[in-house]
Q: 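Sharing a structure below in structure tokens format, with a few things to ask.
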Amino acid sequence: MSQIQHRLQIVQQRIHQAADAAGRDPASIRLLAVSKQHSAEVIRRVAEAGQYAFGESYQQEASAKIAQLSAFPLEWHFIGPIQSNKTAGIAGEYAWVHSVDRLKIAQRLNAQRPAELPRLHICLQVNTSGEASKSGVEPAALMELATRIAELPRLQLRGLMTIPARQSDPAQQRRPFALLRQCRDQLNDAGMHLDTLSMGMSDDLEAAIMEGATIVRIGTAIFGPRSAR
Ligand SMILES: *Cc1c(COP(=O)(O)O)cnc(C)c1O
């Protein structure tokens, strides 16, 4: 077994153990392997170990890799900041987009989603860290944004995503994740049917699973460190 396949196994074990500790079914938590800055060749090895959902943050870089790996039945998730001029590529190449935080971007994705593809699965990125983060919709503005986006026919609003400010203390790590869960519960109480909480990365996946994560986005713990950008 290669080192990367071994690391993938360790991450799968961490997910299982955290699910057990939280009294949850491990099958209710999906692993998204975040492959940004890693080559198509490296992704192929992880795919061969049975991982098929991959997350990318930079559309230009990802697009080339997605084309190179088209022979594999992989599911691509876009998780990075979205510029208006990149929405056409994103609408055509991904199954999921986790980082929508503006109506204008959602409207463009809706208009540009190719007719022959199924609806694009969407998570709204929420700012759960207050002043410490600039990206994501504020919780107070979430209901309005979610209501508008849920009406767009080529998108399917699945849930919420967050990238909290880094914390090493596990109790502190859980706070933003608990907030995201409460935001999801409020939307569902208002009649939505959101089944997805995209939260938890290499350093805090246990805390995220304790608070109800259904997709954890793991880069470093599988692929090793990335170079600074
Ligand atoms: C890079 C990235 C990750 C993965 O982070 P790691 O700490 O390497 O696991 C997860 N989510 C998003 C949005 C990212 O940009």
Side-chain angles (χ1 to χ4, degrees), residues 3-15 17-18 29-39 42-43 45-46 49 51-63 65-66 74-83 86 90 93-102 105 109 121-129 132-137 158-170 172-174 176-177 179-180 183 196-229:
Q3 191 189 19
I4 204 161
Q5 290 173 343
H6 179 64
R7 287 196 297 242
L8 177 66
Q9 253 186 18
I10 291 174
V11 168
Q12 287 162 342
Q13 283 165 6
R14 283 176 63 190
I15 292 170
Q17 281 163 7
I29 302 152
R30 292 184 68 197
L31 170 58
L32 182 65
V34 177
S35 47
K36 64 182 182 221
Q37 294 187 44
H38 295 286
S39 68
V42 171
I43 297 170
R45 269 186 270 145
V46 176
Q51 175 65 29
Y52 87 108
F54 289 88
E56 290 282 343
S57 300
Y58 310 105
Q59 168 54 6
Q60 223 161 329
E61 170 204 329
S63 191
K65 294 189 284 187
I66 293 171
L74 302 181
E75 183 181 275
W76 294 98
H77 295 229
F78 192 80
I79 62 175
I82 306 175
Q83 294 158 343
K86 297 279 170 33
I90 293 171
E93 290 182 279
Y94 295 83
W96 286 69
V97 178
H98 293 226
S99 42
V100 173
D101 63 1
R102 283 180 289 155
I105 293 292
L109 292 171
H121 297 280
I122 299 290
C123 291
L124 302 185
Q125 183 174 347
V126 179
N127 178 1
T128 53
S129 301
S133 171
K134 288 181 295 298
S135 52
V137 58
R158 293 292 301 268
L160 306 179
M161 176 273 226
T162 196
I163 310 172
R166 264 184 202 285
Q167 304 267 8
S168 50
D169 173 50
Q172 295 293 333
Q173 286 177 348
R174 284 179 63 169
F177 299 141
L179 175 58
L180 197 72
C183 288
T196 300
L197 289 174
S198 168
M199 58 190 197
M201 315 198 330
S202 293
D203 293 336
D204 57 14
L205 74 89
E206 285 82 4
I209 288 172
M210 290 303 283
E211 296 296 344
T214 65
I215 299 180
V216 290
R217 309 179 310 267
I218 309 300
T220 310
I222 297 171
F223 291 96
R226 295 177 293 272
S227 54
R229 269 180 81 97

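Note that the structure is a prediction, hence the values are computed from the model and not measured. In each ligand, atom 1 is the first atom listed, and ligand 1 is the first ligand listed.
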Q: I218 and side-chain contact (heavy atoms from CB on, under 4.5 Å): which partner among V34, D203, L205?
A: L205
Q: Test your reading of the model: is there a side-chain donor-acceptor pair from T162 to the backbone of V126, 3.5 Å cut-off?
A: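 The answer is yes, because a donor-acceptor pair under 3.5 Å joins these two groups.
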Q: Which bit of H98 gets closer than 4.0 Å to ligand 1, counting heavy atoms only: side chain, backbone, both or neither?
A: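 Under 4.0 Å from ligand 1, H98 contributes no heavy atoms.
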Q: Contact between ligand 1 and S57 is defined here as a heavy atom of the residue under 4.0 Å from a ligand atom; is it met?
A: yes
Q: Specify the closest pair of heavy atoms between E61 and S35, including all atoms of both residues, with the distance to one decimal.
A: OE2-O, 4.4 Å
Q: Can you check whether S202 has an N/O within less than 3.5 Å of an N/O in ligand 1?
A: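 In this structure, S202 places an N or O atom under 3.5 Å from an N or O of ligand 1.
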Q: Less than 6.0 Å separating the ring centroids of W76 and Y94?
A: no
Q: Please check this pair: side chain of E206 against backbone of R14, looking for a donor-acceptor N/O pair closer than 3.5 Å.
A: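 Here the side-chain-to-backbone pair does not exist.
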Q: Return a yes/no value for I79: is any of its N or O atoms, backbone included, closer than 3.5 angstrom to an N or O of ligand 1?
A: no
Q: Where the closest heavy atom to atom 13 (C) of ligand 1 is concerned, which of I163, L32, D204, T162 has it?
A: I163
Q: Could you go through L31 and Q51, starting from their C-alpha distance and side-chain angles, then the distance that decides it, and tell me whether this counts as side chain to side chain contact (heavy atoms under 4.5 Å, CB included)?
A: CA-CA 8 Å; L31 170 58; Q51 175 65 29; 3.5 Å; yes
Q: Name the option, out of Q37, K36, M201, that contains the heavy atom nearest to atom 14 (C) of ligand 1.
A: K36
Q: Relative to the ring of H98, is the ring of H77 parallel (under 30°), tilted (30 to 60°) or perpendicular (over 60°)?
A: tilted
Q: Starting from atom 11 (N) of ligand 1, locate the nearest protein heavy atom and write down its residue, its atom name and how far away it is, to 0.1 Å.
A: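 I find the closest protein heavy atom is R217 NE, 2.9 Å.
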Q: Should R166 be counted as touching ligand 1, given the test is an N or O pair under 3.5 Å?
A: no
Q: Just let me know how D203 lines up against ligand 1, side chain, backbone, both or neither, with a heavy-atom cut-off below 4.0 Å.
A: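 Answer for D203: neither.
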Q: Please identify which atoms of ligand 1 are closer than 4.0 Å to at least one heavy atom of T220.
A: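 Heavy-atom distances to T220 below 4.0 Å select 6 (P), 7 (O), 8 (O), 9 (O).
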